[in-house]
2 protein chains.
Amino acid sequence: MLQETITAKEPIISQEAALIAGIRKFNRYYTSQLGLLQQHIFDSEYSLTDVRVLYEVQFNGKTTATGIREALGIDPGYLSRILRKFEKQGLVIKHPLPEDGRSSHLTLTARGEKLMRTMNELSDNQIRQMLENLAPEEQTKTGEAMRQLRYLLKAPGGAPRLEDVEIRHDLRPGDLGNIVRLHGEVYAKEYGYNIEFEQYVMETIGEFMKAYDPAKDRVWLASCFGEIIGMIAIIHRPDRQGQLRWFLLRPDFRGIGLGRALMDKAMEFCRQQQFKEVYLLTTNQQGTAASIYTKHGFMKTASVPETLWGQDLYEERYVRKM
Amino acid sequence: MLQETITAKEPIISQEAALIAGIRKFNRYYTSQLGLLQQHIFDSEYSLTDVRVLYEVQFNGKTTATGIREALGIDPGYLSRILRKFEKQGLVIKHPLPEDGRSSHLTLTARGEKLMRTMNELSDNQIRQMLENLAPEEQTKTGEAMRQLRYLLKAPGGAPRLEDVEIRHDLRPGDLGNIVRLHGEVYAKEYGYNIEFEQYVMETIGEFMKAYDPAKDRVWLASCFGEIIGMIAIIHRPDRQGQLRWFLLRPDFRGIGLGRALMDKAMEFCRQQQFKEVYLLTTNQQGTAASIYTKHGFMKTASVPETLWGQDLYEERYVRKM
DNA sequence: CAATTTAGTTGATTTTGTCAACTATTTTAT
DNA sequence: ATAAAATAGTTGACAAAATCAACTAAATTG
């Protein structure tokens, strides 16, 4: 047994208290920090509630008053008056519903859209001002921390977006470590692999690097706000074969088309290299990965029982003709 | 040359936009999520402003009205009335200042303290409710992300504090990768070492792990907000010798006593292990490290010229008798 | 098809926050 | 030393934001 455990598994009461106290501190700090409590946003004539209503109209396309009321939890009478004000100011239009004579769909007018754009610009400037005191690393860390929080707290739209992900294929300092780390963390979490697995990945990466030839091998790294969150690699093998390796996505970045994007890049590279075929080795435990492989034209050609990293599993081989 | 460069070094505009959009989303989400906008906190008779005032009285010990006014940015007249209400309700006491007949120090009464305790409990429950849908590790990640945000935004560019650093000596998934990464990034930045160095570190860590014996070897990792930012290790060697390895701090965490803290832990472990002596290998390039070694009783015993990682340098050996 | 529910409106009112004028001190400038 | 200016806080008048309850009109239910 390689691993040495020190810390307790059970959450300790005082730790929970510390966590909660920390969150409370954060809440208090963050509310004051961003001036979220100001009544009048950016010295405009609109209150925070006004802006929230406009935002709902803009993004919850074709909402009714009730939709907004439910989303924001405000008094119907109050909302009614706010909407009438907006209508009078030419920011919002009510489109009576043919199927329900009581309700109307709400949309922004061009003027309303313009107002919201201005608001967003002002908000962006405020954020930019906040960011400009930070070093570039700190900026990306801030972004990643917020993104992660939104994700953790299950915010709507908190899931990462493909547009925020950057894919590159050079190797920079820290990348090797990040590759190892990503594997260690993801496989430990998903399959309970112990640290021997991480060690194993380290060895395979080491071997790969010794023979690495930028013209024939390629590693793609996907990063979001500076953090490596996925990867794929192609290695040249004898007889115009290629091997696909280290295809991995952090769980919270799955299901957004990133796996496909990486696989596409890899396959395109294989075509450029004029490989006859590409193979990969995996285990039967990686169920979801398998379906991605078959979707991209790979076929299972072998399955051998093995005991690895404290697990009984089948080592599988997939091949795709190019 | 192993490295292949593709992407520009300059931060890309669209990524900044994504970052800002992400932050705006976070702001919007977080304000609504936590009900920070509700007027009446926890169905009490107190408004958000009321509670903020009480909080200031409680924690900015012995504030005056002006102190609160400056902290919260509210109208003096409004505050005056709020305070009078609190006085009448027996929550706050005004202690006229002998040195200034215009002002008074404000303190909470026992009743005021009790009210704040209740408020805090309600707030804790709300947070607990938010947390209970999360897995334990998600909870800790949430706490860490918030702590980091508070830290990043509060003290932009400020030096990290030793209190925020946690030192542990178990090995968790991702740690091996983090160790490699830390070395790769720091040495690239400070001495321009190329990725071969990171590869070399990977190999040495791999070798170490093969022979790793928790009873005789130890790796300490220093982390701040969940990120590994420093480390040190002791490996057992024949003849009751110990070798000190991988002593490294991220540059921005130097000069806060962390190096000393790590070294102390390492030396204490060496005493426990009853080593006769401890040695370490370094190069003449690591000038600042050398001074730390001598400060902790190490003496240079050898210096051999070498060419490593694209650099001409002297490999040096330091020894300390225990 | 009467009774009930739902969507939204309106009037009355309260709560919350703002502005300006004011008093009583303390500090500053001459 | 003393007049002028600044500071700390109060008060009155008022405006804005939000709530509550009673209401209308349309849709749904039994």
Side-chain angles (χ1 to χ4, degrees), chain A residues 31-32 35-57 60 62-89 92-107, chain B residues 31-32 35-57 60 62-89 92-107:
Chain A
T31 43
S32 69
L36 294 167
L37 301 164
Q38 322 167 319
Q39 276 61 28
H40 284 279
I41 305 281
F42 309 123
D43 293 317
S44 75
E45 56 176 317
Y46 299 99
S47 72
L48 182 52
T49 307
D50 286 345
V51 176
R52 295 214 298 154
V53 169
L54 284 171
Y55 182 85
E56 286 298 318
V57 173
N60 284 11
K62 308 238 168 184
T63 357
T64 60
T66 305
I68 295 175
R69 203 183 49 67
E70 280 169 356
L72 303 184
I74 59 179
D75 181 79
Y78 185 26
L79 178 60
S80 176
R81 270 182 266 257
I82 288 175
L83 286 174
R84 193 169 55 208
K85 178 179 74 178
F86 287 162
E87 229 187 334
K88 215 164 103 190
Q89 296 181 339
V92 166
I93 297 179
K94 284 185 189 170
H95 308 274
L97 289 182
E99 70 269 25
D100 189 333
R102 299 166 304 176
S103 308
S104 300
H105 269 163
L106 300 164
T107 56
Chain B
T31 42
S32 69
L36 294 167
L37 304 164
Q38 320 166 323
Q39 276 58 31
H40 284 278
I41 304 281
F42 310 121
D43 293 318
S44 75
E45 57 175 316
Y46 298 100
S47 72
L48 183 51
T49 308
D50 286 345
V51 175
R52 295 213 297 154
V53 169
L54 284 171
Y55 181 86
E56 286 298 318
V57 173
N60 282 12
K62 308 237 170 186
T63 358
T64 62
T66 305
I68 295 175
R69 202 184 50 65
E70 279 169 357
L72 303 184
I74 58 180
D75 182 82
Y78 185 27
L79 178 61
S80 176
R81 272 181 266 259
I82 288 175
L83 286 174
R84 192 168 58 205
K85 179 179 75 178
F86 287 162
E87 230 188 334
K88 216 165 103 190
Q89 293 180 340
V92 166
I93 298 177
K94 284 185 189 169
H95 307 276
L97 288 182
E99 69 270 25
D100 189 334
R102 299 166 303 176
S103 311
S104 299
H105 269 165
L106 300 163
T107 55

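Naming convention: chains lettered A, B, ... in sequence-line order (proteins, then strands); numbering from 1 in each chain. Note that these values count all heavy atoms, side chains included, but never hydrogens, waters or copies made by symmetry.
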Select from A:Glu99 and B:Ser80 the residue whose nearest nucleotide in DNA chain D is closer to the 5' end of that strand. B:Ser80

Write down the atom of B:Glu45, the atom of B:Asp50, and the distance for their closest heavy-atom approach. O-OD2, 4.3 Å

Would the number of heavy atoms belonging to other residues, nucleotides or ligands and lying under 6.0 Å from NZ of A:Lys85 be above 12? yes

Rounded to the nearest Å, what distance is computed from the CG atom of residue B:Leu106 to the P atom of nucleotide D:dA8? 13 Å

Quickly work out the B:Ile82 CD1 to D:dA8 P distance and round it to whole Å. 18 Å

Flag side-chain contact, heavy atom, 4.5 Å: A:Thr107 against A:His105: no

Record whether the side chain of B:Arg81 comes under 3.5 Å of the base of D:dG12 through a donor-acceptor pair of N or O atoms. yes

Quick check on D:dT7: is either OP1 or OP2 less than 4.0 Å from any side-chain nitrogen or oxygen of B:Thr66? no

Taking C-beta and beyond as the side chain, do B:Leu106 and B:Lys94 meet within less than 4.5 Å on heavy atoms? yes

Check this one for me: any side-chain N or O of A:Lys94 less than 4.0 Å away from OP1 or OP2 of C:dT9? yes

Expressed in angstrom and rounded to an integer, what is the separation of A:Glu70 atom CD from C:dT6 atom P? 11 Å

Whole-Å gap separating P (D:dG9) and CG (B:Asp100): 8 Å

Has the side chain of B:Arg102 got a donor or acceptor atom sitting under 3.5 Å from an opposite partner on the base of D:dT7? yes

For A:Gly101 and for B:Asp75, find the nucleotide of DNA chain D with the closest heavy atom, then tell me which residue's nucleotide is more 5'. B:Asp75

Are the side chains of B:Val53 and B:Ile74 in contact, using a 4.5 Å heavy-atom criterion? yes

Between D:dG9, D:dT10, C:dT9, which one does the side chain of B:Thr64 approach most closely? D:dG9

Whole-Å distance, A:Leu79 CG to C:dT10 C1', equals 14 Å

If the cut-off is 4.0 Å, is B:Thr49 near the phosphate of C:dT16, judged by side-chain N/O to OP1 or OP2? no

Rounded to whole angstroms, how far apart are NZ on B:Lys62 and P on D:dA8? 19 Å

Take the protein atom CD1 of A:Ile74 and the nucleotide atom C1' of C:dT15, then report the distance between them rounded to whole Å. 17 Å

